[in-house]
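Heads up, the thing below is written out as structure tokens.
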2 protein chains.
Amino acid sequence: MNKKPTIKEVAKYAGVSPATVSYVLNGVKKVSNETKKRVLEAVDQLNYYPDFTAISLSKRKSNLIGIMLPLIEDTPASVFKNNFYYTEFVSGVELVSRNRKFDTMITGVGNPEECRQWVKKRNLDGLIFLGLFPEKLYNEMKTLNIPIVLIDTYEKYTNLFSNIQVNDELGGYLAASHLIELGHKDIAFIATDLKSSPVDAKRYQGYKRALQETGIKFNEKLTYQTYDITFEHGKKVAEEILKSEQKPTGIVTVSDVLAIGIMKALQMKHIQVPNDYSIVGFDDLSISEYTTPSLTTVRQDIFEKGKYAANLLINAIESEDVEHQTVELPVELIIRQSTKAL
Amino acid sequence: MNKKPTIKEVAKYAGVSPATVSYVLNGVKKVSNETKKRVLEAVDQLNYYPDFTAISLSKRKSNLIGIMLPLIEDTPASVFKNNFYYTEFVSGVELVSRNRKFDTMITGVGNPEECRQWVKKRNLDGLIFLGLFPEKLYNEMKTLNIPIVLIDTYEKYTNLFSNIQVNDELGGYLAASHLIELGHKDIAFIATDLKSSPVDAKRYQGYKRALQETGIKFNEKLTYQTYDITFEHGKKVAEEILKSEQKPTGIVTVSDVLAIGIMKALQMKHIQVPNDYSIVGFDDLSISEYTTPSLTTVRQDIFEKGKYAANLLINAIESEDVEHQTVELPVELIIRQSTKAL
DNA sequence: CTGAAAGCGCTTACAG
DNA sequence: CTGAAAGCGCTTACAG
């Protein structure tokens, strides 16, 4: 295969200087229409397209965005494996990024230093942080001076970076209210980690608000934390719940994955969902419609979230806009079969 | 933040030329131990790490590998969404790639031309093709002259590229044999697409071999094709099966996703798995242990597959090894609750 | 063993 | 409106 033509060859073919070719390709300065035409034709004839590596080096802009994945035991695998969430998100990012002429790199992140080096050595134009990272990472990243968008982060960092989130409070509220309407009063709340996950905390707030508004007394003993999102952890809380003396009749959960794990554990003990326990998840994963019973859940559009994040990021890159914005995407209760009137 | 030091600054600090710094960093030529030490110290002091963009431009090697994802309706989303498969695979690739100092880019692929441009403009060192692509793409890619590893491809391209696959024939055999041992004789085979998917075809062969070896007559009417891998498509075949007059008692499937869709459809009609139908999946997704009933399936280690692919690819890149190899990873029957003696 | 110089493929003041 | 030249941060024959 004949190799890719360079800008020089295009210039020669068009009878102009490389600089001129660069000008027309970048739409910069005023090039006479005639020479512009000649250049464009040369580009077309030679099937020229620029070398991004070279552009990256001279412009110090790579047209590359990076997605930081949280690592568990040094690999993003486990998070990917149990949290189908991420995968859809990444697809959303890839789609808009490709359409907007950016490429997307992914990495599991190690320490902050490694992360900064990754950005620097590849000249990344922007970053998306998917998930929760140690605080010092954010501080480190702040000094990088490139647009960064955070996903599902609250408080502390919100004003330092752009942020895409979902109406978590409302989600928790919707889930709990649904159960309450069905006549449930003893409603458990299953979180991952209320302290370190602000997302969980918000949903928890919503849950509490629903109780409060309907005059149901909040019972701390009905709150559980799993510290991880896997089916297995769902199973484990279910066992805890069964052992406790404060038995709920309804269960609000912070993730479909957890909800599915819980259902499984119950079913293994021949306890029926929704007859014995009503369960509501969060996310609406594609699997959730196909479990038995299908899962009532709070839906968020994760693919949309990915697209939104990419658009926001690329906007910031292209306009060098320093305004950080935080965007809140809607949430919707999807009623299926895992919940039932008491 | 002070900006990243360049090789010049390191050279100055060490009192040598940039060339020398480059030599020691690349372990090339013989640099006296003493100056080497000085350089290394400078590197350390200044916290220097090279700019990959520059290296990429001058070496024409990017330390970048690309993963091509199949596109559905212009986005990888849907395939990602229903095929949890890919996500684990990508994690495996990312892990070894990172450990071996490569970065990984992902893209949905459009047409062959777009694909070649992607490789060229980013100077990608190697490519992994995940899934099935149109034939002309392979031909086009062949002219790129970079190492490429294909996943789950058979025949035609096997000798043009490296290939990682799984013992599909055995997988089909294992699944069918298991059912046969349980006393099933009318065993359906649910494929995606026997014509265009060689993977399916191999599993089908294995299934037939199992029938043959035990003297069960193969019945073509028990073969179904879904033409896509989604829960929904699983549901649809289940309905077809229920409508047909040739009812199986056991069902062998080419994917857990399909199997789960089938189970769902049956359960919605109050048909019991495994009492009325025994079902075996393929892949062993993490969800498959958590469905009710949990799914008997043929396990393949997809994460391992990703790691293997990345290692093979990077080996080829680094040794400029032109030998294409095809590697076959093992497969294992995991017996759970969706199958039962007749 | 070490360095000056050219080059990778672009971009961008600057001059005309 | 157009081009020559320097520069982005490296590498690598080549010469010494």
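Chain A is the first sequence line, chain B the second, and so forth, proteins listed ahead of strands; every chain is numbered from 1.
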Which nucleotide wins on minimum distance to the side chain of [X], given the candidates [options]?
{"X": "Ile55(B)", "options": "dC10(C), dG9(D), dT11(D)", "value": "dT11(D)"}
{"X": "Tyr23(B)", "options": "dC8(D), dC8(C), dC14(D)", "value": "dC14(D)"}
{"X": "Val31(B)", "options": "dC8(D), dC10(C), dT2(C)", "value": "dT2(C)"}

Presence of salt bridge, Asp51(B) and Arg60(A), under 4.0 angstrom: yes
Give a yes or no on whether a salt bridge exists between Glu41(A) and Lys37(A), defined as a side-chain N under 4.0 angstrom from a carboxylate O. no
Just to be sure I understand the geometry, which residues of residues 32-53 of chain A put a non-hydrogen atom under 4.0 Å away from DNA chain D? Ser32(A), Thr35(A)
Give, ordered by number, those residues of residues 13-22 of chain B having at least one heavy-atom distance below 4.0 Å to an atom of DNA chain D; if nothing qualifies, reply none. Ala19(B), Ser22(B)
Flag for [Y]-[X]: side-chain donor and acceptor within less than 3.5 Å:
{"X": "Asn315(B)", "Y": "Arg100(B)", "answer": "yes"}
{"X": "Gln165(A)", "Y": "Thr153(A)", "answer": "no"}
{"X": "Ser56(B)", "Y": "Thr53(B)", "answer": "no"}

One should report the stems of DNA chain D, each a stretch of at least three consecutive Watson-Crick or G-U pairs at distances under 3.5 Å, as C:1-3 with D:14-16, C:5-12 with D:5-12, C:14-16 with D:1-3
Nearest whole Å is fine: how far is [N] [atom2] from [X] [atom1]?
{"X": "Arg60(A)", "N": "dG9(C)", "atom1": "CZ", "atom2": "P", "result": "17 Å"}
{"X": "Leu25(A)", "N": "dG9(C)", "atom1": "CG", "atom2": "P", "result": "16 Å"}
{"X": "Lys8(B)", "N": "dC10(D)", "atom1": "NZ", "atom2": "C1'", "result": "11 Å"}

Spacing of Phe129(A) atom CZ and Ile67(A) atom CD1 [to the nearest 0.5 Å]: 12.0 Å
